[in-house]
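Okay, structure first, notes after.
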Amino acid sequence: MKTAVWMLWIGTLIAIFFLGRCSKRCEKVETVQVETVIETRVDTVTVVEPIETVRTEIRRETVAAPADTVYLPGDTLRIEVPIETKEYRDTLYALQIEGYQPRLNWVEVYPRTEYIYRTETKTVSNPARRWSLGPSLAYGYDIKNNRWAPSVGVSVTYSFLSW
């Protein structure tokens, strides 16, 4: 009977050894969290030749001009000059000018520069191992004495489920 018990123990240890060799290796699990921040800033824009979008004549003015190359008081011509407003508009700006002697009425600038900041967070973790070795407290059947009894010892276990 002693020989059968020892053979059972040795067979169990050999089986545990080969099951451990055949089990899947623990792999690393990676979790990647990406955070994107878009920041819009206002920059200075210089427009060299704006494109005219609207032209409106608002009034006419009479301007005195010399009739000859030599200017004498009272010797002038009256010339009617149209006074206009012009609007220039684009996705980056809008402005309005006016006059015979041009003057800027208003300007609006819409510059946009986007800065994109991307932050990646990686979490690397190992899953729980399947095989473990540790102390055990059990209640089982004692073959020697043919009865149920508590036992204390060291056990090798394999985990089928983990959470």
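Only heavy atoms go into these numbers, but all of them, side chains included; no hydrogens, no water, no symmetry mates.
A chain of hydrophobic side-chain contacts below 4.5 Å, direct or via other Ile, Leu, Val, Met, Phe, Trp or Tyr residues, connects Val156 to Val154. By the rule that hydrophobic residues join a cluster once side-chain heavy atoms approach within less than 4.5 Å of another member, Tyr115 and Val37 end up as members of one cluster. The hydrophobic clustering, which links ILVMFWY residues whose side-chain heavy atoms are closer than 4.5 Å, places Leu104 and Tyr88 together. Leu8 and Leu13 fall into different hydrophobic clusters, where Ile, Leu, Val, Met, Phe, Trp and Tyr residues are linked whenever their side-chain heavy atoms come under 4.5 Å apart, directly or through other members.
Remark: Ile97 CD1 to Glu84 CD distance equals 9.0 Å, nearest 0.5 Å.
Classified by interplanar angle (parallel below 30°, tilted 30° to 60°, perpendicular above 60°), the ring pair Tyr141/Trp148 is perpendicular.
More than 12 heavy atoms of other residues, nucleotides or ligands lie within 6.0 Å of CH2 in Trp106, so this atom counts as buried by the packing criterion.
Ser155 and Pro135 get closest at one heavy-atom pair: OG-O, 4.5 Å. Counting all heavy atoms, side chain and backbone alike, Ala149 lies closest to Asp142 at CB-CB, 4.5 Å. Between Ile58 and Glu98, the closest heavy-atom pair is CD1-OE1, 3.6 Å.
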